Amino acid sequence: MTQNEQKLTDALERLQRAEDPAQVEAIRIEALGKQGWLSALMKTLGSMSPEERTREAPRIQEMRATIASAIDERKAALEAAALERRLQTERLDLTLPASDGPRGTVHPVSQVMDELAEIFADLGFAVATGPEIEDDWHNFTALNMAETHPARAMHDTFYFPDEGAGKRMLLRTHTSPVQIRSMMQNGAPIRIIAPGRVYRSDSDATHTPMFHQVEGLVIDRGIHLGHLKWTLETFLKAFFERDDIVLRLRPSYFPFTEPSVEVDVGYSHQSGRRVVGGSGDAEGHDWMELLGSGMVNRRVLEFAGVDPDEYQGFAFGVGVDRLAMLKYGMNDLRAFFDGDNRWLQHYGFSAFDQPTLSAGVGARP
Ligand code: DAH
């Protein structure tokens, strides 16, 4: 075997054992690089006699072809092995579900307002809204509270600066002005609820300067107190999701209703919590004042352009925050508006499993 054949055999052997592309490259440079032994061998062809060249050229070309293809093969084999290793180790499992990121919650007040809209929709009520920045006339005068009316004192609110001629806007103290706006806009008959924010300059454990009410208004021919009682009973049964709701209607006074009634609901104490249900006169039970209501005062109908000789109606107003506390067991109203994320995570609702009422009004016998 010539020296060159020995070099070739040696290179081919080392190629077989080469474990990474750098080793293969080193062998290639040794043989085929500018200074490589095979390149040098090629160059010797130039100085050969024609007969010698005819004899040697094919052998040298063959050696060159052999080592070049062995290099290519080894490179390809190593690349394939590397790819296989990557496929084994870098596996991306696309069947894994995405991890659950942080989620917000629906505030109990929003939840309760949705529940109210749902219940009253079953009873044929539409949802009406009105401005929170209200004028004196809609908030007081048209509700039969003249400027000197003592009832205005209970509604001490936030006033905007005087606009001249004694006119100043205010933050509405109740949702009742929506009664006036609805009647003036749509006339009779009418069946609406009006949920929303209201404001009073009050602040302690059970009062916040902003809170929520829902107003109800029904105007039609021949409406009487019996319709009011049935509506409230049906609403409260659906809302608290129990049939043993017992109401007590007490005579009261509101300027915008005549007669006026305050509605109490029976409840019992259960492990420090007020649980609505049963008669307030039963053993271990009591009455709790829940809402104000009554037959709409004829003067209010007149203010709103409805003929009181043709149409009658009832109205009610109830605190939404209070309803939420009673149904879902919170005891500090101020926490409703602190925006504490822990509280919201605990008392809030998932936006993805609405509605939460187990049975609508229509589902009841
Ligand atoms: N607007 C009253 C308040 O905020 C609540 C109320 C009482 C509303 C009687 C009514 C009603 O519609 O008939 O104190």
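Keep in mind that what you see is a predicted model, and the values were worked out from it rather than measured. Both ligands and their constituent atoms are indexed starting at 1 by order of listing.
Under 4.0 Å from ligand 1, heavy atoms of A315 appear from its side chain as well as its backbone. Only the side chain of R200 comes within 4.0 Å of ligand 1, judged by heavy-atom distances.
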Original post:
Hey, mind stepping through D135 and R168 against salt bridge (charged side-chain N to carboxylate O under 4.0 Å, His left out) and telling me if it holds?
Top reply: CA-CA 7 Å; D135 59 51; R168 37 181 200 169; over 6 Å; no
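With ligand atoms numbered from 1 in the order given, ligand 1 contributes 3 (C), 4 (O) to contacts under 4.0 Å with heavy atoms of Q213. Annotation for ligand 1: atoms under 4.0 Å from non-hydrogen atoms of Q179 are 12 (O). Close contacts between ligand 1 and T257 involve ligand atoms 13 (O) [criterion: under 4.0 Å to a heavy atom]. Within the listing of ligand 1, atoms 7 (C), 9 (C), 11 (C) sit less than 4.0 angstrom from a heavy atom of G292. In the vicinity of G294, heavy-atom distances shorter than 4.0 Å reach the ligand 1 atoms 13 (O). Atoms of ligand 1 lying under 4.0 Å from at least one heavy atom of S176, given by number and element, are 1 (N), 8 (C).
Under a 4.0 Å N-O distance rule, the pair K75/E25 qualifies as a salt bridge. Ion pair R200/D156 not flagged as a salt bridge, since none of the NZ, NE, NH1 or NH2 atoms sits closer than 4.0 Å to an Asp/Glu carboxylate oxygen.
At a threshold of 4.5 Å between side-chain heavy atoms, the hydrophobic network of Ile, Leu, Val, Met, Phe, Trp and Tyr places M325 and V275 in two separate groups.
In this model, a donor atom of one side chain and an acceptor atom of the other lie less than 3.5 Å apart for Q111 and E115.
Polar contact with ligand 1: present for E215 (N/O pair, distance under 3.5 Å).
Using 4.0 Å as the threshold, F256 has a heavy atom nearer than that to some atom of ligand 1.
Considering V109, V318, L323 as possible partners of H212, the one that fulfils the side chain to side chain contact (heavy atoms under 4.5 Å, CB included) test is V109.
Annotation for R299: atom CZ does not count as buried by contact number, only 12 or fewer foreign heavy atoms lying within 6.0 Å.
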